[in-house]
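Report on one structure; see the data block that follows.
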Amino acid sequence: MSTYSVRVKPGASRTRVGGGYGDPPALVVAVSAPAVDGRANDAVVLALADALEVRRVQISIVSGHTARSKVVEVDADVAERWAALLDQA
């Protein structure tokens, strides 16, 4: 299992995964779901699972449940795919 930093943009016009934020860079995940009642968190897990081509159950939010900056744990080897997504603009 590996942990990664994520920066969430809830309430976006469309769901998108890619690009970096900050230093060291966190992967930017824009989701259309609002940050209400955990809906954005659920959308983040779904978006990451789709982008990383893993199952939802292999991704969990470790910290930052109520913040835009989160740490997620992925139960799969996705380092190369994660790096490619960070490089997207």
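To the nearest 0.5 Å, atom CG of residue Leu46 and atom OG1 of residue Thr15 are 9.0 Å apart. The CG atom of Asp87 sits 10.5 Å away from atom CG of Leu27, with the distance rounded to the nearest 0.5 Å. Going from atom CG of Asn41 over to atom OG of Ser60 covers 11.5 Å, rounded to the nearest 0.5 Å.
Closest of all the heavy-atom pairs between Ala47 and Val29 is CB-CG1, 4.1 Å. Considering every non-hydrogen atom in both Ala40 and Pro10, the closest pair reads CB-CB, 4.1 Å. Shown here for Arg39 and Ala33, the closest heavy-atom pair between the two residues is O-CB, 3.7 Å. Taking every heavy atom of both residues into account, Val44 and Val31 meet most closely at N-CG1, 3.9 Å. Annotation for Ala76 and Gln58: closest pair CB-NE2, 3.7 Å, computed over non-hydrogen atoms.
Pro25 places none of its side-chain heavy atoms less than 4.5 Å from the side chain of Arg7.
A donor-acceptor pair under 3.5 Å is absent between the side-chain atoms of Arg56 and the main chain of Val45, judged by distance alone. Proximity of a side-chain donor or acceptor of Lys70 to a complementary backbone N or O of Val6 within less than 3.5 Å is not detected.
More than 12 heavy atoms of other residues, nucleotides or ligands lie within 6.0 Å of CG in Asp75, so this atom counts as buried by the packing criterion.
Put simply, Ile61 and Val54 are part of the same group of oily side chains (I, L, V, M, F, W, Y) that touch within less than 4.5 Å, one to the next. Each of Val71 and Val28 belongs to its own hydrophobic cluster when Ile, Leu, Val, Met, Phe, Trp and Tyr are linked at side-chain heavy-atom distances under 4.5 angstrom.
Summarising the hydrophobic clusters (Ile, Leu, Val, Met, Phe, Trp, Tyr; side-chain heavy atoms under 4.5 Å, direct or chained), the residues clustered with Val36 are none.
Sorted by first and then second residue, the ring pair (Phe, Tyr, Trp, His ring centres under 6.0 Å) pairs involving residues 4-45 (not counting sequence neighbours) are Tyr4-Trp82.
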